[in-house]
Amino acid sequence: MEATPTTGIYGLMAEFDTPTQITEAAEKAYAAGYRKMDAYTPFPVEEVCHAMQMPKSKMSLIVLTGGILGGIGGFLLQVWTACVYYPLNIGGRPNFSWPSFIPITFECTVLLGALSAVLGMIFLNDLPLPYHPVFNNPRFNRASQDKFFLCIEADDPKFNAADTRKFLESLHPVEVAEIEK
Amino acid sequence: MANGSASAHPLAPNPVLDPGHNFNSIGDKINAVVLTPKFRPGWVLGLLISFGLLNVLLVSVAWTIFRGVGVWGINIPVGWGFAIVNFVWWIGIGHAGTLISAILLLLNQKWRNSINRFAEAMTLFAVACAGLFPLLHMGRPWFFYWMMPIPLPQALLPQFRSPLVWDVFAVSTYATVSALFWLVGLIPDFATLRDKAVNPIVKRLFGVLSLGWRGAASHWHNYEMTYLLLAGLSTPLVVSVHTVVSFDFSVGVIPGWHATIFPPYFVAGAIYSGFAMVLTLAIPTRAAYNMKDFITDRHLDNMAKIMLATSLMVSYGYGSEVFFAWYSASNWEKYMMFDNRMSGPYMFFYWSLIFCNFIVPQLLWSKKVRTNTVILFIISIIVNIGMWLERFIIVVTSLSRDFLPSSWGMYYPTVWDFGVYFGTIGLFLTLMFLFVRFVPIMSAFEMKLLLPESKVKGGHH
Amino acid sequence: MEITANYNPPDSGPAARKFLALGVIGLIVFGIGYTVNKTQFYNSYLLAYIFWTNMALGALMLTMLQHLTGGAWGVVSRRILESATRTLWVMVPLILPILFGGMHSLYEWTHTDVVKADPILIAKAPYLNETFFIIRTVAYFVLWLGLITLLNRWSAQQDKSLESAVPATKSMRWISGPGLIVYALTMTFASVDWMMSLDPHWYSTMYPVIFVVGQVLGTFTLLIITMVWLSGREPMSKYITKAHIHDLGKLMLAFVMLWAYVSFSQFLIMWQGNVAEETPWYMIRKKDGWQYLAIVLFVFHFALPFLLLLSRDLKKNVRKLAAVAGLLMFMRYVDLFWLLRPRNEWMFEKAAEAHDKSGHVFGPHLTHSFTWMDFAALIGFGGVWLGFFLLELKKRPLLPVNDPNFEEALNHVGH
């Protein structure tokens, strides 16, 4: 928050009214060679991600791994308890009562799968994040309500304050704002 | 979608959102309930009544813990009594929330978007109420951690071959995953509240809750996948939870419990009672907050249809038990069904359950009934009662008369049984009242997806 | 709306004729089996008959289900399902040999001497007796064919014009609710009659559910293969998108999981309960090689297709999805084999004592293994069934153009 105002800016942000406009804007920005940019929308707009050629989300892999580990762990926990740590005859059933171990194995699969889904999403999205420059745009509170923003970041090799502003203005936005770091 | 096409089919379904809304009107309407500093008198009154009932719970639980579970009506042979009846009843109610939020999402049923938040909250609170009962029924609830796989000094580990231990895992997993699903769904809406709040403390509070969500496309990209994956995990989970609950009974050998149909029959019953409870809560809520444009008559109609379908599935279960009790040619099974349930000491409850769960819901075949909120509300209450009776019949009739007539006995609940039961209703309603006031009762960002203007035109893909 | 676009099916006539020819050859070869071993003949007959009839009955169920639920998958698959239901007419004459000849070779409870010595079978005799069995089977077919006739008639009426579509659609929706109840009840009793009573002492309330889930899964495999076939050809290649087939893949995955769920639940309850009335059914299936078939079922009917179908890319790849559907269709047969064939010793003892009318002792009796008769029956019934299915398929346009969900279904892109 109280970081000294740096000389640089975070990026330039253009505001749009509809999901169609932002998708076209993102498409054109990508075509113009910009890579370090992001769109900000009040609800998921899948087409924007396509327009910016985002790689496939890694979430499926994370959840699959978590689920498999949970399942194996849950099953081994029961086998170890029933066969190694404390074998006990229950109604003449074998120590290795695999059919009775299935329900808990399943529950552990789901539990770890779900936990890794949520933690994975939080980790991949770099949350929780107490400060982010985009909020410096006074109009940005509309991004969670009804407006659509495209921000081209200053880190982008093609970024140039004047040219990029001109480019963004050519997309007919509501306005283009400079975002402080 | 098909808007703008000149030749709309006469039988095309009504929209799931009444026309005349835009992004702002949806968000404003939902968030206004939370952000207003005023408290409506009806809400305060309802909260106070619920809170009064909650105090009944506190007194009853305190007394139960102080004196032991002997203050309840349970004894040999009916050792399970109200505690398990109520546990199954509450956990079943929770199932509709997960069904709406997860299964209907996977099935691409858009009408769910306006009721999922509400139904998921109901799930969480119902599971909380459900969890109380086995905890208290243990007698010494402070040793609850003995059921967890913790290597304690006395070498006590859970008996993993017992369905009761499966239950511990199933219910705790269910509570955890439902809470995660609910909270993940709330993140973008908390961000909206943060951006709209005027009061700086409220703003700060929602800022923390939203984790700094800023709606970046790269975030939505992972978020959408996470949401779908959680739905994919919750769907078999919700089925497994009531399946495991049914295993509590069905892996035992007592006639009336040991039936292989129990898993799907219990799951259907859970969804049935859950939808009944959603209707019981949604009908007054939508009237109180004037949300008829969001929870439309089509929503009520759809939920009523699901209730009718699950009623028929549950009734299939009753019929199947009767037929196979006869077909088994086993004296125990026949006695249990024809001489105990149908004409034994609890026959009044058996036939009441048939009336509530099978006969009354047949009214839902009529479209007029499905769209009449008063009748629908009454039916939903009757179904709630019927599903409670069903669990009562399963638990009590089978236990009270097992194989050996000399060990038969009757079950009579005490005032403390009723105290704990009605008390949990108080807990549930208190939490629901707090929820509708302090959390957006609908998922605003998902509701916005119902608007035609949320779609990108021109087929970018 | 008049049908302006071309939704006509490709000419499936040549393929149909090939299947019919194959089927007739199969049935002739299978017929020789009757003279070799009658017990084996009827057991193979029942298995192949149920396998193929299930396709038609599962299609009936899905037709009614999609009328009630709507959804894009229902609109694009309905005509295929309706064609499959109409083949049930072919299966009517084919049940007669079982009703009027095969029952003694199949069902222990038809032998009065056996029943007399067995108190449980005496108790069940009011239900398990030949007359009532025949009456029930006739009743099932009357009800099924009644539903099929009405649904198909109204479906044709729906195509005529938008005006006629409204009452027709309403009628189809109106009958589908009660129709599904009729379906559930008839399938329950049919599965008890035809299959469960092969082991007349045993009972399980889950069994009809397992049967229905398997039946619908079988229909999904057929549906997906047919859809993939049609989507590669004019004119349907223009209308059936990957999103449609993806949806069917999801539903097939759901049914794979459902099958595992109901099958395992029944097993777990019986294994853990360990009651003498129930365990024999599993006891005979855990020896003599049946246990390996159980493992095959676990791996290829559940684990492998489950893992494959989890992948979104695979479900969107029509060829791979069709391959998984093919595997599952085959496994449906294996599952039925595992349900029907392992039998108490009764079958073997009785068959050994039995004589046919000419006084010949039966040769080798009901075997545990897959025989040439099973193969011939599978090909014979299959060829005939598929041949009629393809002939029915080309009788009507492949898309119900006046369905209320038609436009939305064609624009379906999925996610």
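Numbers restart at 1 for each chain; the letters A, B, ... are given by sequence-line order, proteins then strands.
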message = Between Val45(A) and Val456(B), does the side chain to side chain contact (heavy atoms under 4.5 Å, CB included) criterion hold? Intermediate values first, please.
response = CA-CA 8 Å; Val45(A) 183; Val456(B) 173; 3.6 Å; yes

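- In this structure, CD on Gln159(B) lies 11.0 Å from OH on Tyr86(A), to the nearest 0.5 angstrom.
- Judged as a ring pair (Phe, Tyr, Trp, His ring centres under 6.0 Å), and not counting sequence neighbours, the contacts of Trp220(B) are Trp213(B), Tyr223(B), Phe445(B).
- Interface remark: of the candidates Ala51(A), Cys49(A), Pro130(A), Cys49(A) forms the most heavy-atom pairs closer than 4.5 Å to chain B.
- Neither the backbone nor the side chain of Val168(B) comes within contact range of chain A; no heavy atoms are under 4.5 Å apart.
- With rounding to the nearest 0.5 angstrom, the OG atom of Ser57(A) is 8.0 Å from the CG atom of Leu229(B).
- Remark: Phe403(B) CZ is packed, more than 12 non-hydrogen atoms of other residues, nucleotides or ligands lying under 6.0 Å away.
- Ranked by heavy-atom pairs shorter than 4.5 Å toward chain B, the options Leu77(A), Thr18(A), Ile22(A), Asp126(A) are led by Leu77(A).
- Ranked by heavy-atom pairs under 4.5 Å with chain B, the first of Val63(A), Ile90(A), Ile62(A) is Ile90(A).
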task = Show the numbers, then the answer: is there a side chain to side chain contact (heavy atoms under 4.5 Å, CB included) between Asn95(A) and Arg161(B)?
result = CA-CA 9 Å; Asn95(A) 286 336; Arg161(B) 274 162 286 191; 4.2 Å; yes

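- When side chains are defined from C-beta on, Ser454(B) counts as touching Phe43(A), because their heavy atoms get closer than 4.5 Å.
- Counting heavy-atom neighbours within 6.0 Å of Phe96(A) CZ, excluding the residue itself, gives a total above 12.
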ask   = Is there a side chain to side chain contact (heavy atoms under 4.5 Å, CB included) between Met121(A) and Tyr227(B) once you walk through the steps?
value = CA-CA 10 Å; Met121(A) 190 272 286; Tyr227(B) 209 58; over 6 Å; no

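- Of the two parts of Thr41(A), the backbone and the side chain both hold a non-hydrogen atom closer than 4.5 Å to a non-hydrogen atom of chain B.
- Of all heavy-atom pairs between Arg214(B) and Phe135(A), the closest is CB-CZ, 3.7 Å.
- Judged by distance alone, the side chain of Lys448(B) and the main-chain N or O of Gln145(A) form a donor-acceptor pair under 3.5 Å.
- The most heavy-atom pairs under 4.5 Å with chain A, out of Asn31(B), Val208(B), Leu237(B), come from Leu237(B).
- By number of non-hydrogen pairs under 4.5 angstrom with chain A, the leading residue of Gly212(B), Ser218(B), Pro236(B) is Ser218(B).
- In this structure, the separation between CG on Asp146(A) and OG1 on Thr192(B) is 10.5 Å, given to the nearest 0.5 Å.
- Only the side chain of Phe148(A) comes within less than 4.5 Å of a heavy atom of chain B; its backbone N, CA, C and O stay farther away.
- Here Pro42(A) is the residue among Gly74(A), Pro42(A), Ala143(A), Ala26(A) with the most heavy-atom pairs under 4.5 Å with chain B.
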key: Asn125(A) vs His221(B), side chain to side chain contact (heavy atoms under 4.5 Å, CB included): CA-CA, chis, key distance, verdict   = CA-CA 9 Å; Asn125(A) 286 354; His221(B) 191 46; over 6 Å; no

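- Around NZ of Lys203(B), the count of heavy atoms belonging to other residues, nucleotides or ligands within 6.0 Å exceeds 12.
- Using a 4.5 Å cut-off between heavy atoms, Glu224(B) contacts chain A through its side chain alone, with no backbone atom that close.
- With a 4.5 angstrom heavy-atom cutoff, Leu88(A) touches chain B via backbone and side-chain atoms both.
- With a threshold of 4.5 angstrom between heavy atoms, Tyr85(A) approaches chain B through side-chain atoms but not through N, CA, C or O.
- To the nearest 0.5 Å, the span separating CE on Met225(B) from CG on Leu124(A) amounts to 12.0 Å.
- Of residues 98-116 of chain A, those residues lying under 4.5 Å from chain B by any heavy-atom pair are Ser100(A), Phe101(A), Pro103(A), Ile104(A), Phe106(A), Glu107(A), Cys108(A), Val110(A), Leu111(A), Gly113(A), Ala114(A), Leu115(A).
- The candidate with the highest count of non-hydrogen atom pairs below 4.5 Å against chain B, out of Leu129(A), Val118(A), Thr81(A), Asp38(A), is Asp38(A).
- To the nearest 0.5 Å, atoms OG1 (Thr226(B)) and CG (Leu119(A)) are separated by 10.5 Å.
- With values rounded to the nearest 0.5 angstrom, Asn222(B) atom CG is found 9.5 Å from Leu127(A) atom CG.
- Interface remark: of the candidates Cys151(A), Gly91(A), Pro128(A), Ser144(A), Ser144(A) forms the most heavy-atom pairs closer than 4.5 Å to chain B.
- In this structure, no portion of Leu193(B) lies under 4.5 Å from any heavy atom of chain A.
- Within 6.0 Å of atom CD1 in Ile201(B), 12 or fewer heavy atoms from other residues, nucleotides or ligands are found, so the atom counts as exposed in its surroundings.
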